[in-house]
Amino acid sequence: MERVLAYARPTTVEAALALLERPRAIAVGGGTSVVADLLGGSSRQQHEIVDLQALGLDRIERRGGGGLDIGATVTLQQLVDSGDVPAVIREAARRERPSTLRNQATLGGIVATGEPDSELIAALLAHDAAVTIATKGVTPGHLRHALVKVLDEMLPLTGAHLVTTVSIDTRGKSAAFRTGRTEADRPIVAAVARVTPEGTSRLALCGVGDRPVLIGGLEEVTELEPPGDFRGSPDYRRALAAVLARRALQEVS
Amino acid sequence: MMEISIDLNGAGRKVEVGLDESLLRLLRRLGCLSVRYGSSTGETGAAAVLVDGDLVSAEVMLAVQADGHRVETLESLDPGTAELHPIQQAFVETGALQGGYSAGAMVLATKALLERRPDPSDEEIRDALSGILDRETGYVKVLEAVRRAAALLHGEKPPPLAPLVLEPLTTSPTTRRGDLDGEESVSPAAPRLVPSVDVPPMAVVGKPERKVDALRMVKGHEAFADDVELRGLLHAKILRSPYAHARIRSIDDSAARALPGVHAVLHYGNTARVKYASGGQSWPNPKPYDQVSFDDKVRHVGDRVAAVAAESPEIAEEACRLLKVTYDVLPPVLSAKEAIAPGAPVVHDEPDTEGIYDASRNLSHHIEGQTVPDDELAEAFARADRIFEETFSVQAVQHCPIEPHVAVGWLDGDERLVIRTSNQVPFHTRRMLSPLLALPVKSIRVIKPRIGGGFGSKQEMVIEDVVGHLVLATGRPVRLELTREEEFVSTRRRHSQTLTFRTGVSSDGKLVAQDLSVLADTGAYGTHGFTVQSLTGQRGLSQYNCPAKRFRCDVAYTNRPVAGAFRGYGAPQALFALESHLDDIARQLGIDPVELRRRNWVRSGDPLDIVPRLGERGAVEEVRPEDIPRIGSCGLAECVAQGLVAIGWERRGDPSWSRPPGRPSIRRGIGMGLAMQGSGIPLVDMGAASIKMNDDGSFNLLAGAADIGTGADTALAQIAAEVLGVTPADIVVYSGDTDVTPFDVGAYASSTTYVSGMAVKKAAEAARERIVARAARLLGVEDACEIHLRDHHAVGADGRSISLEKIALNALHTEDQEQIIGTASHVSPDSPAPFAAQFAEVEVDVETGQVTVEKVVTAVDCGVAVNPLGASGQVEGAVAQALGYALTEELVLDDHGRPLNARFGPYWILRSDDAPPQEVILVETMEPSGPFGAKSVGEVAIDSVAPAVRNAVLDATGVAIDELPLTPERVWRALQTSSAGDADV
């Protein structure tokens, strides 16, 4: 049984959305998750591949006021290499995938996947990320959502929706701390803190819920109800969150 | 299908591809054999290629995605026959290639890095290689290869990577390493070497020669089991059990058989029930014979249910899905403790298994051995001034060879079955296949090509019988390659154990009584259950002298994946417990842990009195004094002395070091552990070799030994070259083919260099005898004993010489013609122990529990290191594997026996960017029973890293943790019980 029924490489977002309307359509940025599931996963679903590589969404562009628009097909390695991207996001992008996958995995894919232990998503949250989602028949710019909302309410994206841009506020000072089994391991918990030039604090965590979260401050850590697994029990993750959040906040204060 | 255009290695190609064809499969289809499968998630990096100059994983890229792009594989670098690109040259010269399975990916990663950063930092190198897992080298020499490649591309000519010679410390204690000139300039990848005055000068042995199979690996030529193309090849898939414990009531295979492209469907209903034990061990295989190719009962998630051969892997998979299996699900037992409890479900309730110790209690084996009767042991404990008792737990870990199990089988022109397989024991496998397939041994040929890592997981017949059955059922060639998940759950793993040490100690710190009891989990089948646990007893009760010792062990069946041989073979479990226990004793007695060990460790001449009581083939019933082996060559004291200096042991206890200023949550510590292993199994392991001389004075060495990436073929070539007065390049090695090479037990028990190496030496000596006799005649010398072979010549006492080429031509073509050939076998009554002293420096974050290993030092006595670069590479790889055991690795199952982390992300093996620096010190001793003084080195360095790390955590925090791995949470929880968990204010 063929698992891929059709393949298309549209050159416009509109064309991609039209393809994504089809019931078996699935968007592929780099493919590190989708292709892995497709070829090696247990699912027997058949798909029509909509390859996003020719959409021209692979640019990082500065906006005024410290804003930065990052195209959805910008790869993790592009983020790592960009001097315009805040250091904490560059480092999180480096940690997100090893060298062989970083040139394939895209920012849009990372956001759309919303992995619970993604330090990169936590770093984006700390930098007030907003996600532009194109939807068929609607002007893309009108569908810009806070990343928090996307994570909480909109994932997984299905049908004719496409992440096109992730916008961040590069200003301020940010720092990240994490704990894993080794230095390079995925974090069990990571905390990213940022202080804006206006003095407002942002605190984001990963490894404490179904998705990375933005919390109001250190005092909210005790209210977290993390799931547990073999890498860390709920109690431990909560304790880690408190320690790492404190360190991150101290670093930026 | 779709036509795509790619620029492949500089040539435009238009090719038809399937829409769900991966770039990996396309590239291999196009002949790029350097691109290799490691997992379907891209996490091993073995399939890394360059697309538009960027490193990507061809496993997780569809071929259609590459349409319009430039693709480069290792094959693009080929500068010509026998020529090397500078990056390839660097990998060869640094010893960075062991199995070489991921060599293509590593070379390409280096190319991509150096094109961006011609002078990369170490951090950049580690990051660039972070996507390419290497289970063999510990990354030390790989990093050096990248540095060297950068230098070569700059036009520099870096010096060869030669060992740095150190002065011995135990014979001249005032000389220190720092007194030696030039040390600082030496690469960290170069082994340190402490020479022995007992070792005579040699021309080839002891030199860092390049691997004899380097070209094949570094250029991506045909090398591995899957690198063959066969017309009419069928693809096999195995349907595996979703249940940990179930009886198969029926299998309806009609829909699967009806699927177009399916050629065979095998299961218990149509396959002969022949009992066997899968462990690759000498005849007769240790019992129980508790397996059959396909059973009507499944005993772990991932157990075999059925196998299919079809025109493509996808059709085979679909056929597996169409099999209608009706199970009666049974309650599982998922721990050894539960398994032996009264009323536990019985894992092996079948009537036809022979040799289970007590099937009703799920005991596959019960092992006992003691050096004194129980009453004497009790008296010894009664005499002790202090008695210490501790219980330790060690987990199940997987070997994780980057090359999974893969085998290709076919019928040759004579309709004999040929199986080309990634397997450490080809001769054992051939013998074991025979009854299962109802074929005589003579009708089976097993070929072991290059192996991309084994570590014991391939010391079994894990898939070859399935391939054989399917070949015979279809008459077609059949290929079976396991997925990474299958590799985790359906091959083999290390035995998990619970070990309790009870030790009596006198007031002067001497051990007076040791009692070790073990409960081990063998999983669903008992393969290696007896021998691994016997070795746990041997290793746990051998390296320290003690007048009264006892070992007792129960080995339990459970419904977990099957345990088997794994590098160290029972020693890492035993030595984690023993070396942790000793540190705790030392701490409670107020004795320095080195000093406590020194008062007790074995020395040359000391008896290994537990060994005959726990032999490979069972205990000797009445042990005579002559049955007790004694320690021969022993460099342990020197290993410890060198290691203490290299790790900076004196920093222990210095608060300015152990509590670094400005880092209030960090504690530093240093720990150690000692280890000893064996060199083959005495009077069991046999190796044989044959050496024939060619027209040009070169030689073909045919060895039964199985090089599984360890460099064994190179070491054997060096041994032969040393005898024959040539270079290793003059020795063409072919090994591990049951049709062509003499018998050898295969790669296990650290036997290859010591046992097979001696067979090679004896064969070479036999050939030399013919050469010098002819040379004497040609030179007119009466006494052939005066002739020596060196520099490709036979040289007489008077200095006259004749080339080996002339001797060969004379022998083959001219006069009194003969094929100069030597053949020999070797079995040793001894198993001389290699020793190691291992040290770890750690930082512990007391607020999070995270342990970071900053450095590992291993000082090892492996006799004479035949190839110091290869030997140190073996040590570095073993250490990296052991760090996974210490810190991260554990195969975790849920309450139903299903794996939770059967992939490389959640199951974490060390990557290049978190492998710590290492220092390897080779302490030479002259082992008289080994070839040119050699003992073994492949296993000993995996044994005591975990206790060294654990003891370093103890030193740093005062907290003793008796369970592996030392995950952050486990350490954090231990710290919560003490004030050590408080950060400095």
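Note on naming: letters A, B, ... go to the chains in the order of the sequence lines (proteins, then strands), and numbering restarts at 1 for each one. These numbers come from a predicted model, not from an experiment.
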For residues 15-39 of chain A, which residue pairs pass the salt bridge (Lys or Arg N to Asp or Glu O under 4.0 Å) check, not counting sequence neighbours?
Arg22(A)-Glu48(A)
Would you indicate whether the side-chain heavy atoms of Arg25(B) and Leu39(A) approach each other to under 4.5 Å?
no
Go through Gln65(B), Arg970(B), Glu317(B), Glu314(B) and name the one with the most non-hydrogen pairs under 4.5 angstrom from chain A.
Gln65(B)
Could you tell me which non-hydrogen atom of Gln104(A) sits nearest to which non-hydrogen atom of Met61(B), and how far apart they are?
NE2-CB, 3.7 Å
Verdict with reasoning, Glu183(A) to Arg126(B), per salt bridge (charged side-chain N to carboxylate O under 4.0 Å, His left out)
CA-CA 12 Å; Glu183(A) 167 64 15; Arg126(B) 286 176 179 274; over 6 Å; no
Taking every non-hydrogen atom, the tightest pair across Gln53(A) and His69(B):
OE1-NE2, 2.6 Å
Could you check whether any side-chain N or O of Glu2(A) sits under 3.5 Å from a backbone N or O of Leu19(B), counting only pairs where one atom can act as donor and the other as acceptor?
no
Filter on salt bridge (Lys or Arg N to Asp or Glu O under 4.0 Å), then keep only pairs touching residues 41-58 of chain B, sequence neighbours left out; what's left?
Glu43(B)-Arg903(B)
Please rank Thr41(B), Leu62(B), Leu887(B), Thr852(B) by heavy-atom pairs under 4.5 Å with chain A and give me the top one.
Leu62(B)
Tell me the closest heavy-atom pair linking Leu55(B) and Asn103(A), and the distance in Å.
O-ND2, 2.9 Å
Is the backbone of Asp67(B) close enough, under 3.5 Å, to the side chain of Arg9(A) for a donor and an acceptor to pair up by distance?
yes
Compare every heavy atom of Pro98(A) with every heavy atom of Arg911(B), then report the nearest pair and how far apart it is.
NH1-CB, 3.7 Å
Counting only heavy atoms not in Glu225(A), do more than 12 sit closer than 6.0 Å to its CD atom?
no
Top of Asp845(B), Val51(B), Val851(B) for chain A proximity - count of heavy-atom pairs under 4.5 angstrom:
Asp845(B)
Write down the atom of Phe230(A), the atom of Leu900(B), and the distance for their closest heavy-atom approach.
CE2-O, 4.0 Å
Look at Glu890(B) together with Arg181(A) and state whether they make a salt bridge at an N to O cut-off of under 4.0 Å.
no
What residues form a side-chain hydrogen bond (donor to acceptor under 3.5 Å, both in side chains) with Glu318(B), not counting sequence neighbours?
Arg321(B)
Determine the minimum heavy-atom distance between Ser130(B) and Ser99(A), stating which atoms define it.
OG-N, 3.0 Å
Looking only at heavy atoms and a cut-off of under 4.5 Å, which of Glu59(B), Glu485(B), Arg116(B), Glu21(B) has the most pairs with chain A?
Arg116(B)
Comparing Ser33(A), Gly180(A), Gly40(A) against chain B, the one with the most heavy-atom pairs below 4.5 Å turns out to be Gly180(A)
By number, which residues in residues 235-242 of chain A have some heavy atom less than 4.5 Å away from chain B?
Asp235(A), Tyr236(A), Ala239(A), Leu240(A)
